[in-house]
Amino acid sequence: MADLALVVLAAGMGTRMNSALPKVLHKIAGRSMLGHVLHAGKALGAKRAVIVHGPDMAAVRKEASAVIANCDFVEQTERKGTGHAVSMTKDTLQDFSGTVLVLYGDVPLIKAVTLNKLLAMLNAKTRMAVLGFETENPFGYGRLIGTKAAITDIREELDASAKEKKINRCNSGIIAIDNALLWKIMPKLSNKNAKGEYYLTDLVKLASKTKTKVAVAYCDEMDVAGVNDRNQLSVLERHYQREARKAAMANGATLIDPDTVYFSADTKLGKDVVIEPNVFFGPKAVIGDCVEIAAFSHIEGAAVEQGARIGPFARLRPGAEIGASAHIGNFVEIKKSKIGVGAKANHLSYIGDAIVGAGSNIGAGTITCNYDGYDKHLTEIGEKVFVGSNTALVAPVKIGAGVNIAAGSVITANVPEDALAMSRVPQEIKEGWAKRYRTMKQARKAEKMKSKGA
Ligand code: UD1
Ligand code: CA
């Protein structure tokens, strides 16, 4: 196949989002809309990408470069239409030879398989192809003029005749076109239309005049749905999650109540993972085979190895690495810590900036005191350590293998292998004290009542 360059239109500020953030940086499944579009393009093997952005969009540049490192950027200061936006990339693409694929930063659910179908239509006689869809409610979209397989024009809503308005085959906006043809016909675009804009869609009519066929590939309406406000953002999020749940189950995960599980675009699940209701995956979660994730767990930036059990009510934060068969139980928070094979932290703990050796047991209420208000410090726990309940481990601190720590200890110094560490006030016993106290208090109370009654 010919080399591929993406042109992504991302100039819209998204006034209706009512946001300080550029529209294309709003997220669906933890990934920006622009990120979704570029990931789809990258999956096609695009060699280059040019982002057309609005004024002052440093954040857009940063986000795009994180997906495709050698992205080019051009600024469209004045909004003169989709054709004008694409024309801005002329200098950048002048040395390019191949196919240009025009995508939209606010049309995030576009799939690589759909784009491949579009690209597959191109050949020596078909040098342009448009991605279309059929809908019961075509209002507002450009209508495809011609046969179902090949078109000769696209008519915008405002320019359409009553008869044309009845056409329900619509333009998604996404087109693929040979680079040489694009720049040959681009100068002929005019803005003599209802909106006074340079319409990208007019390329169809101009291409047809050069005797190339313009083909159409069709997709689902939702795959090319755009986002203009936060309500539409939520509609696309819901659609994305529904598909992600189906894909997770198809790939071998059990979701007890799929509608309550939320994935990120990059969540990776192994085989035979079981996920209970109300589990949320933030970005960068990698879950190994046969892991069980119990209800109400929140997992982000964490890797969980085979056979581990997480939750209910567990929180795995970025940098949590949970070893095979380890157990992380209720109300346990793990951040930037390695939990060894078969280790357990089953109740009410915070483990941050720590290494926990294989087979160690972290008692209920154990806290790594990793932060001194300025810096973070490391807690190292060897293998097969028993940490008694309600222990505070004041980092930096090292606990040797095989150590026992007495419950309630505040550990401030390193503990050598196989030792017992105990740091708490020794217990005192006062025989009969409670009974004497009770007797004295009851007597005083009785006296008071008597004097009141008198
Ligand atoms: C466009 C298509 C229409 C199609 C519809 C699909 C044209 C002329 N019309 O119409 O056939 O059915 O999309 O949703 O192309 N943009 C810029 N710079 C500009 C103008 C637009 O970057 O100067 C970007 C917008 O931010 C947006 C996209 O291009 O992401 C589409 O622009 P918009 O004005 O929404 O086009 P529509 O009128 O919806
Ligand atoms: Ca639009």
Side-chain angles (χ1 to χ4, degrees), residues 6-17 19 22-26 32-34 36-38 50-55 57 60 64 73-89 101-110 114 118 128 130-135 137-146 151-160 164-165 167-177 182 186 189-207 214 216 218-229 232-233 236:
L6 313 174
V7 167
V8 182
L9 305 194
M13 281 310 294
T15 339
R16 279 159 61 195
M17 298 297 282
S19 173
K23 177 164 77 170
V24 297
L25 297 187
H26 284 264
S32 72
M33 293 198 274
L34 181 62
H36 279 279
V37 172
L38 290 174
V50 193
I51 317 291
V52 182
H53 62 81
M57 297 260 250
V60 167
F73 298 92
V74 295
E75 188 177 320
Q76 188 195 24
T77 37
E78 257 186 297
R79 226 184 123 93
K80 297 189 204 163
T82 48
H84 176 255
V86 173
S87 78
M88 306 295 298
T89 68
L101 178 62
V102 179
L103 300 167
Y104 298 83
D106 58 358
V107 179
L109 301 188
I110 187 65
T114 308
L118 178 71
M128 179 174 182
V130 170
L131 185 62
F133 61 93
E134 292 185 75
T135 174
N137 185 15
F139 179 82
Y141 292 112
R143 310 299 207 285
L144 303 181
I145 313 284
I151 55 172
T152 51
D153 206 350
I154 295 177
R155 192 80 66 242
E156 293 304 303
E157 176 77 32
L158 288 176
D159 303 293
E164 286 166 340
K165 281 182 183 163
I167 297 172
N168 62 358
R169 290 199 285 266
C170 297
N171 172 31
S172 72
I174 294 172
I175 63 160
I177 184 169
L182 173 64
M186 183 62 92
L189 283 188
S190 98
N191 62 354
K192 293 195 179 61
N193 50 50
K195 269 191 169 176
E197 283 186 358
Y198 294 92
Y199 289 167
L200 187 67
T201 45
D202 283 346
L203 290 183
V204 173
K205 173 178 64 197
L206 295 167
V214 179
V216 187
Y218 290 90
C219 67
D220 203 74
E221 192 173 351
M222 274 314 275
D223 292 351
V224 288
V227 170
N228 295 310
D229 57 38
Q232 287 168 342
L233 187 72
L236 267 56

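Every number for a ligand or one of its atoms is a count from 1 in the order of the listing.
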Side chain or backbone of [X] under 4.0 Å from ligand 1, or both, or neither, by non-hydrogen atoms?
X: Ala85; value: side chain
X: Tyr141; value: both
X: Lys80; value: backbone
X: Ser172; value: backbone

If you apply the rule side-chain contact (heavy atoms from CB on, under 4.5 Å), what do you find for Lys23 with Thr15, and how did you get there? CA-CA 8 Å; Lys23 177 164 77 170; Thr15 339; over 6 Å; no

Should one rank [options] by closest heavy-atom distance to [atom], which comes out on top?
atom: atom 26 (O) of ligand 1; options: Gln76, Lys23, Arg79, Glu78; result: Arg79
atom: atom 38 (O) of ligand 1; options: Glu157, Lys195, Arg155; result: Lys195
atom: atom 30 (O) of ligand 1; options: Asp106, Leu131, Val8; result: Asp106
atom: atom 19 (C) of ligand 1; options: Ala11, Gly142, Ala10, Gly81; result: Gly81
atom: atom 2 (C) of ligand 1; options: Glu156, Glu197, His53; result: Glu156
atom: atom 15 (O) of ligand 1; options: Asp202, Asn228, Thr82, Leu158; result: Thr82

Please find the pair of heavy atoms, one from Met186 and one from Ser87, that lie closest to each other, and give the distance.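 Distance-wise, the nearest heavy atoms are CE-N, 3.7 Å.
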
Atoms of ligand 1 less than 4.0 Å from [X] heavy atoms?
X: Tyr199; result: 8 (C)
X: Gly12; result: 26 (O)
X: Leu9; result: 22 (O), 29 (O)

Kindly indicate whether atom 23 (O) of ligand 1 is approached by any protein heavy atom to under 4.0 angstrom.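 Yes, there is a protein heavy atom closer to it than 4.0 Å.
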
Looking only at distances, can you tell me whether any N or O atom of Asn171, backbone or side chain, sits closer than 3.5 Å to an N or O atom of ligand 1?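 Yes.
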
Thr201 N/O under 3.5 Å from ligand 1 N/O: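 In fact, backbone or side chain, Thr201 has no N or O that close.
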
What is the distance from atom [atom1] of [X] to atom [atom2] of [Y], rounded to the nearest 0.5 Å?
X: Thr89; Y: Leu6; atom1: OG1; atom2: CG; result: 11.5 Å
X: Tyr198; Y: Leu203; atom1: OH; atom2: CG; result: 13.5 Å
X: Arg143; Y: Asp159; atom1: CZ; atom2: CG; result: 11.0 Å
X: Ile110; Y: Ile174; atom1: CD1; atom2: CD1; result: 4.0 Å
X: Lys195; Y: Glu156; atom1: NZ; atom2: CD; result: 6.5 Å
X: Leu131; Y: Leu118; atom1: CG; atom2: CG; result: 5.5 Å

Identified side-chain contact (heavy atoms from CB on, under 4.5 Å) partner of Val8 from the options Val52, Leu38, Val24: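 When side-chain contact (heavy atoms from CB on, under 4.5 Å) is applied between Val8 and each of Val52, Leu38, Val24, only Leu38 qualifies.
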
Starting from atom 28 (C) of ligand 1, locate the nearest protein heavy atom and write down its residue, its atom name and how far away it is, to 0.1 Å.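 Scanning the protein heavy atoms, the shortest distance from atom 28 (C) of ligand 1 goes to Tyr104 CD2, 3.3 Å.
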
Show the numbers, then the answer: is there a side-chain contact (heavy atoms from CB on, under 4.5 Å) between Arg169 and Glu134? CA-CA 5 Å; Arg169 290 199 285 266; Glu134 292 185 75; 3.8 Å; yes

Is the backbone N or O of Glu197 less than 3.5 Å from a side-chain atom of Asn193, with the two atoms forming a donor-acceptor pair by type?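 Flag set: sc Asn193 to bb Glu197 pair under 3.5 Å.
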
